Structures are given as C-alpha cells and as structure tokens.
Amino acid sequence: MGRVLTSDVAKHAGQEVNLRGWLHKKRLIGGINFILLRDRGGLVQVVVQDEAELEKLRSLQVGTVLSISGKAVEEPRAPGGAEVHNPKITVDVAVNEEPPIEIDKPLSHEPEHLDTLFDNRVIGLRNLREQAIFKIQAEVEEATSRYLKSQDFVQFNSPKLLPGATEGGAEVFKLDYFGKEATLAQSAQFYKQILVGVYERVFEINPTYRAEPSATTRHMTEFITIDMEMGFVTLTELLDLLSNSVNAVVDDVWQKCEAELKAWDAKKPVLSAQFPALTMAEIHKKYTEATGEDTTNELDLIPKEERWICQYAAKELGSEAVYVTEWPVADAKFYHKLYDDRPHLAERFDLLLRGVEIATGSMREHRYDKLVAQLKEKIGASPDDPGFKYFLQAFKYGMPPHGGFGMGLERLTEKIIGLANVKEATLFPRDINRLAP
RNA sequence: GGGGCUGUGGAGCAGCGGAGUGCUCGUCUCCCUGUCACGGAGAAGGUCGCGGGUUCAAAUCCCGUCAGCCCCGCCA
C-alpha cells in the first residue's frame, strides 16, 4: 500500500492509510492523545489511544520523522475534518534535542525578532506560515515566466562572474579569480540588452549582487531580479507590458495561493489595467503642496515621498501601483535614453507598489555614437574597457530602439503579501551583517 | 557611512541603585478520553552581551566595545 499525504486523508476515509512525515505537535490529554503529523501536504491529526504506541514517542521532540499507518476517519471535530485512528507508529529518525524555537504557532516577525527568525531559519521554515511565503514567491516567479513567455519572451541565464568594470553606480563585490580580479554581477543589464539583438524579447530571473552597506527594510546584498528587455518598442509600450505582467501575476497568485495568502491575511492589491504614471516633477509638486516639505530640488523621490505618492495613487487614481516618469538626467545611467526634445530628462521610470520601489526601467540609448558619448561623459569610461567593449559591440553592429526593467522578486513578494521587510520574503537573506545560514 | 533605540534561562518579556533576578511559552516527571496556543501539579535551566569605572551596594548609573533593530543616504 502506497503512501498517502496528510492532505488526502479525508479522501481515504474508511480505509487504512500509510503516512510519512514529521512530528509537528503533541497534545497529550490522557486516555486520548492527539499528535500532528506534517508532510508536504500540510498537517493531519492522529489520535493515539494505545499506550504502547504513545510510549514510542516519549521524550521525542518535534521534528522526529515518523511512519504512521492507521485508519482514515472523517471527523468534524478534527482540524481539517479528518484524522487517523488506531495508528501503528514507527520512529524513523528520533529527535531528542529540544528545537531552538517553537514552530507549531506563528513565528514573530516583529523587527526586533527578525534576527532570531533568521538565526533559526532552518527550523523556522518548517512552520506552515513561513512556508507559505515561499510557495507564494515560487508562484510569483512561475506566473511571471508564464506571462512573459506568452508574450514571446525567451528566458535566458547570464553569467554572474564578470570582469572588473561594470555599469557603475552601485558598489560591486570583488573577488579573486585565479589571480585576477573579478566582480559579482550587480545586474544582468548588459547581457539582456545584448540579447535583444538576438531574440528581441528576453528575460531572466536570477540573483544579483550589490555591495552597498545598506541597513534598511528594503536592501540586501543578494537578491533575485526579474530582468526583462524588449526591442522595437516605445516607453508607453514598455509601461503597458509591465502593468500587464504585474496584473497577470497578482491574478494568478490570488487564484492559486488562496490558503497561503490567507495565512498572512494578504489583501489583493487594487490595480488599474494600466498603472497611472506621474512625472518626478509632478510628484515633487504634489508632495510639497500637500506636506509643506519642499522636495522640488531632489533628484530622486525620498522614501517618505514614495510612501505618500502610493497612498495618493490608491486614493485618487484607483491603483496601489504607480509609475514615476521623466527622471532628471543628472540621476540617469549612461545607457539610459534621454528624451530627444528634452535632453535634461531621461526616459526612465520606477514602479512603486504599496510605498516601495519594486522595479526600475528605462528606454535605452540604442545609437552607438550617442551611447559611447554618454559612457565617456557620465562615467569617464573607455569603450575599450573589457567591462564595456563587448556590450558596445552589439550596438556597433545594430541595435533597435529598446527598453526594459528590473523587478525585485523579494520586494514584489513582500508587497503582495503585505510584509514590512524584504528579508521576511527571502529564504536565507544576505545583508551587510548576515552571511549565514 | 550618519542618527536613534535595544541586549536579562532555549523563545518572548518584566525588573531600571538596596531582601532570594520575576512572568509567559517551551523542556522533563506525574495526573487528565475530543484536544486544536488543551488544562492541572511539580522540577530543571541564568557568569543579567563583553570590558572597565562610580558606589557601602550595580541587571539597574557612567565610559568603552560588540551585536541587533529602526530611520536617513543608496537602490530592486
């Protein structure tokens, strides 16, 4: 007789079933005792009345691996409406050590408890509510892939070990590479653009590394980026595609992860079909008028402004997601395309969701001569530098107008669920202070 | 990197100059036949982050140091 999952016990009511899993909780009442068994399907209650069977579990801790055979029974008094009676218990792997944290009840996500949460991540992830986060994240990733593929995008994987110089801006990790210096990729930027010259529409979902000494609720040194790039498009078309992607992902997740979202009391984001777009200047003006705090000289949005404009968009524009467009050239990267008629502004945008920047994108300068000029002017780099040489080759031999974005998978998951810190939506977070587990 | 706050048994907290570091959860033993954060009785478990100083007396006040959290800068 094969193995039955805890989630299928109800379907086998009246039959003998074999279960395998972990001891999740013991509730010893006396003559009747309840133990919860956990497997990949979830939890099921096993009723133990035979003292000899119960004795096998004496002093064994949560986490003990068990095989249990017994009779599946429909029982309205049981959690989930079914349970297992008259179990024969086999202890496969005995656990005698008391676990460092209790996993049968919700783990605290209070900021001051996150260190404990991550120190004990290996065990804490066995908590059903913690697992739910990463089931949702897996579905976000899956839904993103599915949507982009439906729009003719080709998935790729770019190298994360790169030669010294890169796009500039953020700090990079340096490492020894057989006596030479290498860096960890701070984005797939150059590779995805290069691949527009091959496939027109491409994306990857892979790790990204930033050596920023940031200590915030939004930053990590390693995170997963959904990087996409598409050719023969305008900024408007790019924004539409991103709106469509996020809508598709949210709809999909709400359809497939109902139980997991409920565990976090997640509220489905209110999103318009195409997200509203406000220019940087408009937002500064509105914020300054509304709060009296003058931000009109800022290049970027300050975090308070990001939160404020999201509330404004939710209330006035019917969308919890909002684009910020028309960025000052002073804050632009060398590969960003400037507006031809207004060269003080870049065709760049951020996507804000529920107060946090979840994606950044732009149209790219696709004309070789202009791109080389911007490279020299913006970061003083040589087109012959090994970090830029191959990137520029693509342009030398023909690149169409194109643009793309990078979206943080963990930030997207965080905001979909309604968590407060990006690390809560990261399996094993890496930040300035944490490199393990 | 700058500013603020916090470190007390395995987890979460209280005590904030004076008697024996107290509580909740967990762990162990015993009782309990429908629990579901079960309940009841008992027990074990702490150099109060670390170092120095002030004081008759320091978990408590001061200085340093280490660790963590939040905000800012930067970004996904």
Side-chain angles (χ1 to χ4, degrees), chain A residues 24-36 43-51 54 58-62 73 75-81 83 85 95-120 123-124 167 169-171 186-189 205-227 298-307 331 333 350-353 356-361 405-415 420-423 425-426 431-434:
Chain A
H24 194 71
K25 178 71 179 175
K26 286 194 269 190
R27 276 193 276 270
L28 309 183
I29 307 303
I32 190 164
N33 302 284
F34 303 98
I35 66 172
L36 296 180
L43 299 178
V44 75
Q45 176 164 284
V46 178
V47 181
V48 189
Q49 290 179 280
D50 182 338
E51 277 188 37
L54 188 66
R58 171 177 288 270
S59 79
L60 292 184
Q61 303 291 323
V62 167
V73 174
E75 171 54 71
R77 288 175 294 182
E83 61 188 13
H85 286 187
V95 174
N96 297 299
E97 294 288 318
E98 177 187 357
I101 50 170
E102 299 162 54
I103 61 162
D104 62 302
K105 45 190 91 164
L107 304 183
S108 173
H109 280 237
E110 293 298 315
E112 58 271 34
H113 300 161
L114 290 180
D115 204 38
T116 305
L117 185 71
F118 299 136
D119 278 347
N120 299 296
I123 306 305
E167 57 176 295
E171 293 288 323
Q186 54 170 265
S187 81
Q189 187 63 39
I205 303 176
N206 272 327
T208 300
Y209 303 90
R210 305 271 166 92
E212 298 286 350
S214 302
T216 76
T217 55
R218 313 183 288 290
H219 291 88
M220 296 185 292
T221 50
E222 177 176 2
F223 57 95
I224 308 289
T225 307
I226 300 165
D227 257 310
E298 298 280 343
L299 289 179
D300 198 345
L301 297 182
I302 62 173
K304 270 192 285 185
E305 232 173 349
E306 292 183 345
R307 294 189 284 270
D331 206 28
K333 298 267 177 67
D350 272 8
L351 174 61
L352 308 182
L353 175 65
V356 166
E357 175 187 336
I358 61 160
T360 293
F405 59 81
M407 183 153 60
L409 176 65
E410 296 91 342
R411 283 191 185 180
L412 179 58
T413 310
E414 172 202 351
K415 287 297 141 187
N421 189 319
V422 70
K423 291 165 205 166
T426 306
D431 65 22
I432 188 168
N433 297 312
R434 181 174 289 280

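Note that the coordinates shown come from a computational prediction; the quantities given were computed from them, not determined experimentally. Lettering follows sequence order; numbering is per chain, from 1.
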When you compare G9(B) with C48(B), how far apart are their C1' atoms, in angstrom units rounded to a whole number?
10 Å
At under 4.0 Å between heavy atoms, what does Glu83(A) touch on the DNA or RNA strands: base, sugar-phosphate, or nothing?
base
Span that lies between the P atom of G52(B) and that of G42(B), in whole angstrom:
41 Å
Any base atoms under 4.0 Å from Thr225(A), or only sugar-phosphate, or nothing? Heavy atoms, all strands.
nothing
State whether Arg77(A) and Glu75(A) are salt-bridged, where the test is any N-O pair (Lys NZ or Arg NE/NH1/NH2 against Asp/Glu carboxylate O) under 4.0 Å.
yes
Who pairs with A43(B) - Watson-Crick or G-U, where each distance is under 3.5 Å
U27(B)
NA contact type, Arg58(A), heavy-atom cut-off 4.0 Å: base, sugar-phosphate, or nothing?
sugar-phosphate
In residues 101-110 of chain A, what residues come within less than 4.0 Å of RNA chain B, judged by heavy atoms?
Glu102(A), Lys105(A)
Identify whether any heavy atom of Asn421(A) sits under 4.0 Å from a base atom; if not, whether one sits that close to sugar-phosphate; answer base, sugar-phosphate or nothing.
sugar-phosphate
Run Ile205(A) and Ile224(A) through side chain to side chain contact (heavy atoms under 4.5 Å, CB included) and show every step you take.
CA-CA 7 Å; Ile205(A) 303 176; Ile224(A) 308 289; 3.6 Å; yes
base_contact_polar (C74(B) base, Ser214(A) side chain, donor-acceptor, <3.5 Å):
yes
Can you tell me the Watson-Crick or wobble partner of G22(B), both distances under 3.5 angstrom?
C13(B)
Classify Glu222(A) by what it touches in the nucleic acid, base, sugar-phosphate, or nothing, heavy-atom distance under 4.0 Å.
nothing
When you compare C32(B) with U21(B), how far apart are their P atoms, in angstrom units rounded to a whole number?
37 Å
So, is His113(A) near the phosphate of C13(B), with a side-chain N or O under 4.0 Å from OP1 or OP2?
yes
Assign Glu410(A) to base, sugar-phosphate, or nothing according to its heavy-atom contacts below 4.0 angstrom with the strands shown.
nothing
Over how many whole Å does the gap from Glu306(A) atom CD to C71(B) atom P extend?
13 Å
Locate the shortest heavy-atom distance separating Glu410(A) from Val422(A); write the atom from each residue and the value.
CB-CG2, 3.6 Å
I want to verify a distance call: between C75(B), C72(B), U35(B), whose nearest atom is closest to the Gln45(A) side chain?
U35(B)
Heavy atoms only, 4.0 Å cut-off, all strands: where does Ile224(A) land among base, sugar-phosphate and nothing?
nothing
With centres under 5.5 Å and planes under 30°, do Phe34(A) and G34(B) count as stacked?
no
Donor-acceptor pair under 3.5 Å, Gln49(A) side chain vs U33(B) base
yes
Map Leu60(A) and Pro100(A) onto RNA chain B by nearest heavy atom, then report which one ends up closer to the 5' terminus.
Pro100(A)
Expressed as a whole number of Å, how far does the P atom of A76(B) sit from that of C66(B)?
32 Å
Across the strands shown, which category fits Ile29(A) at heavy-atom distances under 4.0 angstrom: base, sugar-phosphate, nothing?
base
Describe the nucleic acid contact of Asn433(A) in one word from base, sugar-phosphate, nothing, applying a heavy-atom distance below 4.0 Å.
sugar-phosphate
Taking G10(B) as the reference, what is the distance to U6(B) when you measure between their P atoms (whole Å, please)?
23 Å
C1' gap between G12(B) and U27(B), integer Å:
16 Å
Considering every strand and a 4.0 Å limit on heavy-atom distances, what is the contact class for Thr208(A): base, sugar-phosphate, or nothing?
nothing
Output, in order, the C-alpha distance, side-chain angles, deciding distance and verdict of side-chain hydrogen bond (donor to acceptor under 3.5 Å, both in side chains) for Thr360(A) and Asp350(A).
CA-CA 4 Å; Thr360(A) 293; Asp350(A) 272 8; 2.9 Å; yes
Let's test this: given Watson-Crick or G-U wobble pairing with both distances under 3.5 Å, identify the partner of C61(B).
G53(B)
Under 4.0 Å: is that the gap between some side-chain N or O of Thr216(A) and OP1 or OP2 of C74(B)?
no
Sugar-phosphate only, base, or nothing, as touched by Pro111(A) at under 4.0 Å among non-hydrogen atoms
sugar-phosphate
Need the pair for G73(B). Rule: Watson-Crick or G-U wobble, both distances under 3.5 Å, any strand; none if unpaired.
none
